[in-house]
2 protein chains.
Amino acid sequence: MNRRPPHSPISTPCVQCPIRRMSGFRDFKPKELAFIRSWKVAERRVPARGFVLQEQETIDELYTVLDGWAMKHKTLPDGRRQIINFAMPGDLLGLQASVDKAASHNIEALTDLTLCVLPRKGLWELFRGFAGLSYDITWLAAREEHILGEYLVALGQRTAQERIAFVLLDLFLRARRAALVTGNRMSMPVTQNHLADTAGLSLVHTNKSLQKLRAQGAFAWENSTFELLDLELLANLAHKTVEPAPPRPFL
Amino acid sequence: MNRRPPHSPISTPCVQCPIRRMSGFRDFKPKELAFIRSWKVAERRVPARGFVLQEQETIDELYTVLDGWAMKHKTLPDGRRQIINFAMPGDLLGLQASVDKAASHNIEALTDLTLCVLPRKGLWELFRGFAGLSYDITWLAAREEHILGEYLVALGQRTAQERIAFVLLDLFLRARRAALVTGNRMSMPVTQNHLADTAGLSLVHTNKSLQKLRAQGAFAWENSTFELLDLELLANLAHKTVEPAPPRPFL
DNA sequence: CGGATGTTTGAAAATAGTCAACCGAGGTGG
DNA sequence: CCACCTCGGTTGACTATTTTCAAACATCCG
C-alpha cells in the first residue's frame, strides 16, 4: 500500500536554492550550507491531490517545500475533515512524524509539489554537530505551535466571517513571505471546501459568509486568484493585528 | 509592570526530582543529568491565578512544571478568551517565548505552581553540547504541536458534547501520565468556565452539554474531583481513540 | 451577614447546518 | 459537434445548534 514513484534526481542544487534567495529567510554559514547540501539526497515530486504522507504512516524522511502548496489535515472515522495547516515554500514537513513514530495527520498536495528530501538519520548528525541548525528546527517547531495556537483562537472564539477573514489574511501574509505575491495578487489553490474545513464551518455557510465579506471590499477572490485590496480592513474584519515577521530559518 | 517576587532557593534537587521518578518519563544519562542540574538555578512559585508569563512579555527563562496546573490562553481585544492548552508536572513552559522574541500567549497558574527555572542562555549550551537533549526539546515541541492539532480537530469538527468529552478525556489521560490520578480519581482545578473557553463554547451551553454527558455515566465530576467511570464510553463520546503513550522526555 | 465565585435554569434570539437544487466552466467520448 | 460528466460555486427554505440575557442558588470566607 505504500508504492511511491522513485525520487527524482536533484535538479535544484542547494547553492542556488530558490528559497535561500528569497528575502525573509536567514543566511547559512558555509559549514551549515555544506552540511545541508550533503544531507539533501533527492527531490520528490507529488502531483496535486497526491499524498506526501498519510496518517499512521511512518517515514524516514523530512521534507522542505521547494515549490507548491500542501495542506495537513485529519479525518475523523465518520468522514469529517479538519485542515490543520497549510504549507508553502520554505516550510518543513514531516518533523512531527519523524520525531514521533507515526504521522498524526495527512499531508496532501494542493498543487504539484516539489520537495527537498532529507533523510531522517541526518537529523541526528544535525543535532550532534550543528547547534545553530538544531536551534532552527526548534524555531520552526515553535512557529508551527504558534500558528496552530492562533487558529485555535480563531475556531474557538471568532464568528464565521471573522474566521474566514482570518484564514484568508493568514494565507496571504504567509504567501507573501514566501514570495508568492506580486502586486498584492497571488494564485491561491484553495477551494471554498478547503476553506470550510479549515474554519470548521459548513460549505454552505462558508459560501454565504464569504459573500458578505467580499461585499466589504477588503479583497477579491475569483478563478483561484486572490487579491488583497485593503490590508487594514481585512485585518479588522479578522480581529487580527498584523506585525512584521522576523527573518526565519529553513532547511 | 513586571514586579515579581524573587525566586525561591532550590528546595528540590534534581537528583531527587519527583518527575524523574515517575514512570513514563525517560531516564537521563549521567552527563545529561549533571548538565540539567547545573542549568537549574532556582525554583519559582506562582500562586493560583498568578501569571507565569503574559502575552507580549519577553523572558529569559524556561520552566519545567514541578507541581501544579497551569493554562496557556490568549485574549482577543474585546475580551473573548481562548484556552490553548493546559500544563501539568513535567511539561515545559516558555519555549515559544524564548525562541521567539515575545510570548504569544499568557500562562496562568490554575493552582499554586512550582516551577523549575532554566535560564535561556543554557539553551545554547544545550544545543551545542547535548544532542540527546536537543532532540528532546524538539520532541516536546512536536508533542505540543500534536496536541494543538488534536484540539483544532475538536473545535472545528466535533459537536459540543464531543468536544467536552474530548477535553475531559485528554486532561484525564495527561494527568494520569503525570501521576496525578489515583484509582481513576484526580483533583481537577478547572471550572466550567475554563472548560467553555477551552472548547470554544459559551458557559451556558457548556453546562447544559455537560449535564447530558454526565447522565451517560462515563465520568463523575464534582467538587473539583474528576473520576473516570468508563474509559471506553468516554472515548466513544469523544470520538477519540486512546493509544498508549511512549515514554517522554522532560528537562 | 455580604461578597465573590461557580453552577444551574428557562426562554428568546442569533448563528450555523442540512437538504435540494441549479449554474457555469472544462473535459471526454461518441 | 454535442451530449454528458464532474467539479466548484451559488441559492433558498427549513431545521438544529448555540448564544445571549436574566435570574437563581450554593458554597466558601472574611
Side-chain angles (χ1 to χ4, degrees), chain A residues 47-49 69 71 76 78-83 108 110-111 154-168 187-215 219-226 237 239, chain B residues 47-50 69 71 76 78-83 108-111 154-168 187-215 219-226 237 239:
Chain A
R49 287 162 189 269
W69 289 46
M71 62 176 177
L76 293 182
D78 59 4
R80 289 174 280 181
R81 175 181 74 168
Q82 176 68 36
I83 296 176
E108 185 178 340
L110 283 167
T111 64
L155 293 207
Q157 302 303 323
R158 282 184 240 257
T159 65
Q161 284 190 48
E162 289 169 351
R163 275 187 234 186
I164 292 173
F166 178 91
V167 173
L168 292 175
S187 159
M188 200 169 68
V190 168
T191 67
Q192 290 186 17
N193 224 318
H194 292 131
L195 191 53
D197 284 349
T198 306
L201 297 165
S202 72
L203 174 58
V204 173
H205 195 54
T206 298
N207 180 278
K208 286 172 181 167
S209 305
L210 197 47
Q211 322 262 358
K212 290 180 192 158
L213 274 179
R214 275 203 253 252
F219 63 89
W221 178 24
E222 53 204 2
N223 297 323
S224 301
T225 298
F226 181 91
L237 291 170
H239 268 269
Chain B
R49 286 162 189 269
W69 288 48
M71 62 175 176
L76 293 182
D78 60 2
R80 288 174 280 180
R81 175 182 74 170
Q82 176 67 38
I83 295 175
E108 186 178 338
L110 284 167
T111 64
L155 293 208
Q157 301 303 324
R158 283 185 239 258
T159 65
Q161 283 189 49
E162 288 168 352
R163 277 188 232 186
I164 292 174
F166 178 90
V167 174
L168 291 175
S187 160
M188 200 168 68
V190 168
T191 67
Q192 290 185 19
N193 223 318
H194 293 131
L195 190 53
D197 285 349
T198 306
L201 298 165
S202 72
L203 174 58
V204 172
H205 195 54
T206 298
N207 179 276
K208 285 170 180 166
S209 305
L210 197 47
Q211 321 261 358
K212 289 180 192 158
L213 274 179
R214 274 203 254 251
F219 62 89
W221 179 24
E222 53 204 2
N223 298 322
S224 300
T225 298
F226 181 92
L237 291 172
H239 269 270

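First the proteins, then the strands, lettered A, B, ... as listed; each starts at 1.
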For atom [atom1] of [X] and atom [atom2] of [N], their distance in whole Å:
X	N	atom1	atom2	value
B:Met188	C:dG6	CE	C1'	14 Å
B:Ile164	D:dT17	CD1	C1'	13 Å
B:Asp197	D:dT19	CG	P	11 Å
B:Asn223	C:dT7	CG	P	10 Å
B:Leu210	C:dT7	CG	C1'	10 Å
B:Asp78	D:dT19	CG	C1'	15 Å
B:Leu195	D:dT18	CG	P	14 Å

Once you build an axis from the first five pairs and another from the last five of the helix from C:dC1-D:dG30 to C:dG30-D:dC1, how far apart in angle are they, to 10 degrees?
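Taking the rotation axis at each end, their angle is 30°.
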
Is a side-chain donor or acceptor of [X] paired with a backbone partner of [Y] at a separation under 3.5 angstrom?
X	Y	result
B:Arg158	B:Arg163	no
B:Gln161	B:Ser209	no
A:Thr111	A:Trp69	yes

Which residues pass the side-chain hydrogen bond (donor to acceptor under 3.5 Å, both in side chains) test with B:Glu222, sequence neighbours left out?
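Partners of B:Glu222 by the side-chain hydrogen bond (donor to acceptor under 3.5 Å, both in side chains) criterion come out as none, since no residue qualifies.
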
Just to verify, what does B:Asn223 make a side-chain hydrogen bond (donor to acceptor under 3.5 Å, both in side chains) with, not counting sequence neighbours?
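Checked B:Asn223 against side-chain hydrogen bond (donor to acceptor under 3.5 Å, both in side chains); zero matches.
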
How would you list, by chain and number, every residue that makes a salt bridge (Lys or Arg N to Asp or Glu O under 4.0 Å) with A:Glu108, sequence neighbours excluded?
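For A:Glu108, no residue satisfies salt bridge (Lys or Arg N to Asp or Glu O under 4.0 Å) once neighbours in sequence are set aside.
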
Quick check on [N]: is either OP1 or OP2 less than 4.0 Å from any side-chain nitrogen or oxygen of [X]?
X	N	result
A:Asn207	D:dT10	yes
B:Asn193	C:dG6	no
B:Gln211	C:dT9	yes

A:Leu203: which of A:Thr191, A:Asn193, A:Asp197 passes side-chain contact (heavy atoms from CB on, under 4.5 Å)
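Of all the options given, the one that passes is A:Asn193.
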
So which nucleotide from C:dT8, D:dG8, D:dT11 ends up closest to the side chain of B:Arg214?
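Closest of the options to the side chain of B:Arg214: C:dT8.
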
Within-4.5 Å side-chain heavy-atom neighbours: [X] and [Y]:
X	Y	result
A:Met71	A:Thr198	no
A:Leu201	A:Ile164	yes
B:Met188	B:Leu168	yes

Look up atom CD in B:Gln192 and atom CH2 in B:Trp221, then write down how far apart they are to the nearest 0.5 Å.
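Spacing of CD (B:Gln192) from CH2 (B:Trp221) equals 5.5 Å.
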
Counting primed atoms, P, OP1 and OP2 as sugar-phosphate and everything else as base, the B/S/- map of nucleotides 23-29 of chain D against protein heavy atoms under 4.0 Å is -------

Summarise how protein sits on nucleotides 13-28 of chain C as a single string, 5' to 3': B when a protein heavy atom is under 4.0 Å from the base, S for sugar-phosphate-only contact, - for no contact.
---BSBB---------

